Amino acid sequence: MATKYQSLRGTKDILPEDSRTWRYVEGKISDIFARFGYQEIRTPIFEMTELFVRSIGASTDIVNKEMYTFPDKKGRSLTLRPEGTAPVVRAYIQNQLYQKDEVLKLYYKGPFFRYERPQAGRERQFHQFGVEVLGASSPAIDAEIIYLGCFILKSLGLDNAKLLLGSVGCSDCRPAYEKLIVSTLKESTSKLCDDCQKRYKTNPLRMLDCKNEDCKKQLKKIPSFAGSLCDDCKKYLNETEELLKLLEVSYTISPHLVRGLDYYTRTTFEFVYSGLGAQSTVIGGGRYNNLIKEFGGPSVSACGFAGGMERLISVLKNEGKIPSLSDGLDVFIAQIPANTETAGKGDECFKTAFKLLQEIRCFKISADMDYRNGSLKSQFRKANKLKASYVIVIGEDEIKKGIVKLKDMKTGNEENIKLDEATSKLKEKF
RNA sequence: GUGGCUAUUGUGUAAUGGUAGCACAAGAGACUGUGGCUCUCUUUGUACGGGUUCAAAUCCCGUUAGCCACCCCA
């Protein structure tokens, strides 16, 4: 329905029915993060544009065409965060968090923004949850966050996500591999697609991700990255794999796993799931050993991943893994005005009910009533719709006797209880 | 950013260029102080802006949005 004002393209309202699901998923994820020893960090939703350009990489699609960038009133260029790592690294350095702990394990969740044409599994405002382990380089960390990602998916009932693992090398061996790519394709650049011709010059590694059939043929000539890794990177990958095997995490080595952000070094990984349309990545991440230093922080390395809430929930729905989340009301209060003449001028039943309602709520019992002064029947209908366990009836007769009627909606049994004992009686039941 | 498909009450769907229906949901009621089942009644719609026509939900153009694909990513 088109209304005068509608939500912007690629943004969605999460309505009560859905937000129940969101709370369920977010709650589960947060619990797991805490169990693994991660602490939450909340960074602002916008940052200086340069932060993202410098970290994600000036030649990446995210920076080139997908950022929500705008000038503020002082003419500074600001950008709505398109991803979570750069802001966390910025906060890490700015607040000198490396002084507090040598290794810091952080998690975050919240909205992110990319200016793209929406489609299945892709929004302009989307939501991610993620972790960053800052301050150390150890295969154990890589293995742990991969295991953590796996653990989250399994805890939500998803057993058949596929884990892709790769390595993009380090600042020593990556340039060598890039040279190898360039020299291998030297003779056949004309057979590449337009994009790859650009990538050939600016970012050869990214060509490996191209899906163009002609490009794929040419790309087959390129030797696997595994052979070009330096000894340290090779060792690092092997040790990571060993630990994954120890934790019984199955994975597929994907030598061409490049990912669209430039800051990665060594480990990269993705959890993919089919049935998300053209999108398949539910969780993606990797190691970044140079970013913190480049941003003026200490010379320490870090590792992290991010998962897409919308994609995760979509998979959960497809797989029928969302439990029925009913949030039934504990108590509904129905009140009967004495008669139509007194109803208008604040009648006793309503006041008694309204007061009792608030008292009940003070005891952590969920309670509600109908404020429209409708018929008793309509109030019961409402109580039923709200899945109320009990209904309290307050009418003229009850007021006179100083009692209320308490009806058990499951059994249909009704009992009279004294008004001033109502809350204590209810406490027993919950 | 490029391309394809689509747009009818809250939701899901009907209607040769000629009366906009149906189901569910929602609300009210069924001897008046009691829900679920049943029955009755009621409310709500052709996305927006133009054009063709005696006549447009239907045909044409534009806009917007959604879906899908490319690109890329969560």
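The structure presented is a predicted model; accordingly, all values stated were derived computationally and were not measured.
- For B:rC68, the base has no donor-acceptor partner in the side chain of A:Arg122 [N/O atoms by modelled type, under 3.5 angstrom].
- Screening A:Arg361, A:Lys382, A:Lys385 against A:Asp368 for a salt bridge (Lys or Arg N to Asp or Glu O under 4.0 Å) leaves a single residue, A:Arg361.
- Nucleotides B:rC70 and B:rG10 are separated by 34 Å at their P atoms, to the nearest Å.
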Every protein N/O within reach of nucleotides 24-31 of chain B N/O, cut-off under 3.5 Å:
unit_1: B:rA26; atom_1: O3'; unit_2: A:Lys385; atom_2: NZ; d: 3.4
unit_1: B:rG27; atom_1: OP1; unit_2: A:Lys385; atom_2: NZ; d: 2.8
unit_1: B:rG29; atom_1: OP2; unit_2: A:Ser375; atom_2: OG; d: 3.2
unit_1: B:rG29; atom_1: N7; unit_2: A:Arg381; atom_2: NH2; d: 3.0

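- You'll find a donor-acceptor pair under 3.5 Å spanning the side chain of A:Glu116 and the base of B:rA74, going by distance alone.
- Taking 4.0 angstrom as the limit, A:Arg117 places none of its side-chain polar atoms (N or O) nearer than this to OP1 or OP2 of B:rC70.
- Stacking here means ring centres nearer than 5.5 Å and ring planes tilted less than 30 degrees, and by that measure A:Phe112 does not stack onto B:rA74.
- Judged by distance alone, with hydrogens and angles left aside, A:Glu66 brings no side-chain donor or acceptor close enough to the base of B:rG1 to form a pair under 3.5 Å.
- Salt bridge status for A:Glu421 with A:Lys425: absent, with no side-chain N to carboxylate O gap under 4.0 Å.
- Among the heavy atoms of the strands, none lies under 4.0 Å from A:Glu83.
- Remark: A:Gln119 is in phosphate contact with B:rA69, judged by side-chain N or O atoms under 4.0 Å from OP1 or OP2.
- Taking 4.0 Å as the cut-off between side-chain N and carboxylate O, A:Arg372 and A:Asp370 count as a salt-bridged pair.
- Ionic pairing of A:Glu294 and A:Arg54 is not present here: no N-O contact between side-chain nitrogen and carboxylate oxygen is shorter than 4.0 angstrom.
- No donor-acceptor pair under 3.5 Å is formed between the side chain of A:Ser77 and the backbone N or O of A:Thr49.
- For the C1' atom pair drawn from B:rC59 and B:rG66, the interatomic distance equals 23 Å after rounding to whole Å.
- Between A:Lys12 and B:rC67 there is a side-chain polar atom (N or O) within less than 4.0 angstrom of OP1 or OP2.
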